[in-house]
Each structure stands twice: as C-alpha cells, then as structure tokens.
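Along the sequence shown, the residues carry numbers beginning at 1. Note that these values count all heavy atoms, side chains included, but never hydrogens, waters or copies made by symmetry. Given the structure is predicted, the values throughout are model-derived calculations rather than measurements. Order of listing sets the numbers, starting from 1, for every ligand and every atom in it.
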Amino acid sequence: METLKPFLAPPLNLPPTTLVPLALLFLLTTLIIIPTLIQYHRLSHIPGPLLNSLTSLVYARRTLKPGSAQYVYDLCRQYGPLVRVTPNIVVFSDAATFRYVCSHKAKYTKGLWFEFSRWDLKRWSCIAMRDNESRKERKIKLIPAWSGAGLAAMEKRVDQQVGAFIDLVERKYVSGGSDTKPMEFGHRAQFFTLDVATSVTFGRPFGFLDRDGDVNRYLEITEVMLPMFGVLGALPQLVYAMHAWPLRKMMPGAGDKVGFGVLMRFAEEEVRKRVEGGAEEKGERDLIRSYLDNGIEAEDVVQECITLVVAGSETTSVVLRMTLLALLTTPEAYRKLQAEIDAFFKEYDSEEVISYTDTKELKYLWAVIHETMRIWPNGAGLSFSKQVPDTGDTIHGYYLPKGTEIAQCMLGITRDKALFSPDVDIWRPERWLEATPEQHDEMWAAVELGFSTGKYVCLGKQVALMELGKWFTEIFRRYDIAPVNKASPLKLVDGVTWLSSDFWIRLTRRNKQV
Ligand code: HEM
C-alpha cells in the first residue's frame, strides 16, 4: 500500500475545480467518444461522408428540410454502389440488390424502423413483424383475400369511390365561363384513396368524399406525423424511447376522440361485429371475414385493418397528384392521353366505370402512370430498411456485419441511365412505348420495386393500380383540367414521400360529354 501511495495521492489532492472537468471528460470519453469510435470503426470500410459515419444527426437534420430524398440520391451518385448514410445505415441504388435483400432465400429481416408501425405493443400486423418465420406464417393467411373473388369485390369498391369522386365534382367543382370553383386536389386525392382503403377494409368508406372534408381530424393529425417518419428513418433507435413510458402514453390509442385513435377504435368495433355474427353487406365476404376465416386472431385482424388504411392511402394519392401535375405541365402528353381515352369510348360507350381489364388496352395511360412512378417513386426517403442477418453478408464487395441496416435509394433505381436512356430526369411517357417488349418488362420490373418485392411485396398493388387507371380514365373522359396557379401549380417537398400542398385545379365539363 505504501508503494501505491504516490500514484493514488495526487488526483485525490486535486481541487474540485480541476476534478469536475476531469470527471466530465472521463464521462464524455466513455459514454460518447469511445462508442462513437467503435461504431465508426464497424463500417469504416464503406464509403460515405465522414460526419455521417460518426453521427445519425447529420442525416436526421437533413430530413427536416426539403430535398432529403435528393440528398441520398446525390450521395449514391458521388460515392458509388454502397454508401454509408448514418453510422449504422448503408444505402444501395440498384434493383438487383433490392431483389436479393427482399428475396425469400436471403435471411435479412425487417429493420428497426418497422417497429414504428406497431400500433399495439402486444399485437402485430404483418408489416411490423420482423421475425421472418412469423411473418411468413401470417402473410400466407393474408394473401387469399387479395385474389379471385376478394379482388373482384375490391374492384367494385374502387368503382363506387370513383363514382363518389365524380359526384363530388358535379356537386361542388364544375367551373364554367367566369365562374371558377377551384378544387384543392392534394386533399381530394387523399379523400379518394382513404375512402377506397376504408371501403376495402371495412366494407364501407369513412366518407371523406361525401363530406368533402377531414373525418375526425384523421388527416390533420397524420399530416403532422408523416414528416416525423423521415427523422425516425435516420434514428430508428428512437423506437425504444417511444415504446417506453412516458412517451408511450403520448402515442395514439383507441380511447382518443380524434385522429388515428378513432381509426383504431373503429377497427376494433368492426372486427368485434364480425366475430359476434356477420356484419357484411348483403352476404358479401369482406376482407375482415376472410382474414378471420383464414385463422388470424381477432386482435391481430384489428392490427391488419389499421395497417391497410395507412399503407393504402398516402402512397396512392402521391401517384395521383404527381401524375396529374405531370400531365398539366406537359400539354403534348395531356392531349395524347385524352385522345386515347376518347378513341376507346367511341368504340365502347358505357356509363359504367371502366373495368381494370379494359384499362390495359390504354397503353398511353399506363405509360403515363409508370413514368410518374419512375420519376417520383414512393418511399424515396430512407424508410423500409432491412437488417443484415446474424451471418453477416457481402454486398458489392463490402462486408456488412450482422445488425447493419440496409436501405434502397429508389431514385437511384428508377433513374438508371442504362435502363431508362440518358434523359432519365425528364418525365417522358413515350419511353415506355418506344421500348421493346423485353426492355419494357425490365423497366417496369425496376419501377414496380416501389411496391417492394419478394417476401415484403405490397398486398394492395393491384388495388392501387386499379385506382390509378380507373380514376384517370373516368376523370379525363369527363373533364378538362387546368392548374389555377400557373407559376407554381403546387408546393412539393421530398422526404419520406412526396408531400404536397396548395395544388389548386379548375375542372370544366368537356364538350363531348359521356
Ligand atoms: C402506389 C401505391 C402503393 C405503394 C407504392 C405501396 C408500397 C408498399 C410497400 C413498399 C410495401 C412494403 C413495405 C415493406 O414491408 O418493406 C407495402 C406493403 C403493404 N401495402 Fe402497399 N403500396 C401502395 C398501395 C397500397 C394499397 C392501395 C393498399 C391497400 C388497399 C396497400 C396495402 C399494403 C399492405 C397491407 C402492405 C403490407 C404487406 C406485408 O406486410 O407484407 N398498399 N406497400
């Protein structure tokens, strides 16, 4: 002990003014600097900006400003096929890697981000399940509702909502001469997709179109929540805080009087009614009945219903808005689409909403929709990340240790010059018609990755395409549309998705009315 004294004594004799900063430095080093360096070192072989590799805050801050999708796309172009965007998230920008990561054979699991789609911490919807075996078991039980008779029933519901949209226009928004009745289309697109999603799920729409307004402040509250998903994409670890007390208390719940909680309560009641004895319209099997019959427990069906409304609304309304914007700003495409639709109805005159099968004959219509999904792909921000399995993996020659989160840069995939020709940044539907059948299939195979693929593929893909094909055919057949604000038709922000506001349009009845 005597021999140790000289070593122990000096620090103990230090005055508090020196001791406190020393203790703080020690804490800083052990709690922040060392973990940061260890984290940095784990993926230091992956290219990317140094600051991004040290802290998630760089990208998180970026998501709060417009242009975060473009930011990731620029990083991919600057750094190559694999880029480190945060200390634990790497991004690829090619279709082949996307297909591989989502394939059944690859053992990747869903990333931490998906924990945010858990509405009830005791129950799971398929989209939030991160364990591959459990989600496989659940998905097998979900799929049958989305084909055959189930899909045919959904098509009828889409038709009803296209009809409801036309009724709304006729009631309130037909302009003529000096009488302008402007419509804010951003919200009306959401009303349409929300009414389709709720009708497909619960057998009847929430009635956004009927009311021509928000229902129970659902949209108002989700609009506040959406940008948050961008930040959470950068900092998925925040999920642990959000799922714990006290933040957990602030999350939506079935007891809420407005917003998301109302949807939760509605889903609970609808499922309960089916369990207690059939609430379906005139004997039609609806989606809830099909899920229950396939052996999914009632509490889990509630979770699936909530997911469906969320997954099926904003996604499709983005494509509706951006397609309309592209058409309004490209007169040649607008005229061609209208001419194609007119020619079709010359041959086949009917008041009924066009069938999904018949829309397939409208080649230019699909070129327009595919081109929009290419230029403004859904999920352009850092969302939907997946996690590297326990074995680790090597992508583009870089080793990724287990637990690394990996995400796709959709803009990199859909703006690949080799696949889409050098004018990739231009919205030009003709490229789809100029392509050989093989090229066309390859191009669509890349763009449709916006619906994900493999074990994660979107269940509502056919419904979304139906909505888009039918809406444009029936609206362009009846009305002429012009933007109200010519200098700036809408305000657009790219983030976790393409958020827009103030998209004012003027609809007039076409001379040759059907
Ligand atoms: C353009 C429109 C749409 C796009 C781009 C889209 C995209 C996606 C993506 C990327 C996923 C997978 C996320 C992941 O797990 O990695 C997904 C899942 C899902 N989507 Fe869609 N979606 C669209 C429309 C719809 C519609 C209209 C519905 C329903 C009416 C729907 C229902 C679902 C459901 C239920 C899932 C979960 C599937 C699962 O858990 O495996 N989606 N969607």
Suppose we measure from atom 24 (C) of ligand 1 to each protein heavy atom; which comes out shortest, and what is that distance? Thr315 OG1, 3.5 Å

Counting only N and O atoms by type, is there a donor-acceptor contact under 3.5 Å from the side chain of Lys386 to the main-chain atoms of Phe384? yes

Tyr456 neighbourhood, listing ligand 1 atoms whose heavy-atom distance to it stays under 4.0 Å: 12 (C), 15 (O), 16 (O)

Report, in ascending order of atom number, the atoms of ligand 1 lying under 4.0 Å from any heavy atom of Glu467. 27 (C)

Mind checking whether Met466 contacts ligand 1 via backbone (N, CA, C, O), side chain (CB onward), both or neither, at a 4.0 Å heavy-atom cut-off? neither

What part of Lys461, side chain from CB on, backbone N/CA/C/O, both or neither, has a heavy atom under 4.0 Å from ligand 1? neither

Residue-level breakdown please: for Val319 versus ligand 1, do any non-hydrogen atoms fall below 4.0 Å on the side chain, on the backbone, on both, or on neither? side chain

Arg204 and Thr198: side-chain donor and acceptor closer than 3.5 Å? no

Would you please determine whether Leu308 falls within less than 4.0 Å of ligand 1 on a heavy-atom basis? yes

Kindly say whether Phe503 contributes a backbone atom to a donor-acceptor pair with the side chain of Glu184 at under 3.5 angstrom? yes

Rounded to the nearest 0.5 Å, what separates atom CD1 in Ile127 from atom CZ in Arg135? 7.5 Å

Check whether the ring centres of Phe208 and Phe192 lie less than 6.0 Å apart, and answer yes or no. no

Using heavy-atom distances, let me know which of Val457, Thr453, Leu459 sits nearest atom 36 (C) of ligand 1. Leu459

Identify the closest protein heavy atom to atom 26 (C) of ligand 1: which residue and atom is it, and at what distance? Gly312 CA, 3.3 Å

Within 45° cone of Trp124 ring axis and under 6.0 Å: Arg118 NZ or CZ: yes

For Asn378, the atoms of ligand 1 under 4.0 Å from one of its heavy atoms are 5 (C)

Counting only nitrogen or oxygen atoms and a 3.5 angstrom limit, does Ile127 reach ligand 1? yes

Are Tyr334 and Phe476, when compared by the centres of their aromatic rings, separated by less than 6.0 Å? yes

Any luck finding a side-chain donor-acceptor pair between Tyr291 and Asp286 under 3.5 Å? no

Go through ligand 1 atom by atom and flag the ones less than 4.0 Å from a non-hydrogen atom of Gly450. 5 (C), 7 (C), 10 (C)

So for Arg138, does at least one of its heavy atoms come nearer than 4.0 angstrom to any atom of ligand 1? no

Looking only at heavy atoms, is any part of Ala197 under 4.0 Å from ligand 1, and if so is it the side chain, the backbone, or both, or is it neither? neither

Is a side-chain donor-acceptor pair under 3.5 Å present for Gln303 with Ser125? no

Is there a heavy atom of Trp146 sitting under 4.0 angstrom from any atom of ligand 1? yes

Looking only at protein heavy atoms, which one is nearest to atom 42 (N) of ligand 1, and what is the separation? Cys458 SG, 3.0 Å

When the aromatic ring centroids of Phe420 and Trp427 are compared, is their separation below 6.0 Å? no

Atom 14 (C) of ligand 1: of Lys110, Glu314, Lys139, the nearest heavy atom sits on Lys110

Please work out whether any backbone atom (N, CA, C, O) or any side-chain heavy atom from C-beta onward of Phe384 is under 4.0 Å from ligand 1, and answer side chain, backbone, both or neither. side chain

Check whether any heavy atom of Arg135 sits under 4.0 Å from an atom of ligand 1. yes

What about Lys455: any of its N or O atoms under 3.5 Å from an N or O on ligand 1? no

In Thr193, Thr222, Val200, Leu263, the residue satisfying side chain to side chain contact (heavy atoms under 4.5 Å, CB included) with Val309 is Leu263

Which residue owns the protein heavy atom closest to atom 33 (C) of ligand 1, what's the atom, and how far is it? Ala311 CB, 3.7 Å

Give the residue and atom name of whichever protein heavy atom lies nearest to atom 32 (C) of ligand 1, and the separation in Å to one decimal. Gly460 N, 3.6 Å

Hydrogens and angles aside, do Gln462 and Trp146 bring a side-chain donor and acceptor to less than 3.5 Å of each other? no

Flag for His104-Asn132: side-chain donor and acceptor within less than 3.5 Å: no

Lys386 heavy atoms, cut-off 4.0 Å: which ligand 1 atoms fall inside? 16 (O)

Backbone N/O of Met466 and side chain of Glu155: donor-acceptor pair under 3.5 Å: no

For atom 6 (C) of ligand 1, grab the closest protein heavy atom and report residue, atom and distance to one decimal in Å. Phe451 CD2, 3.7 Å

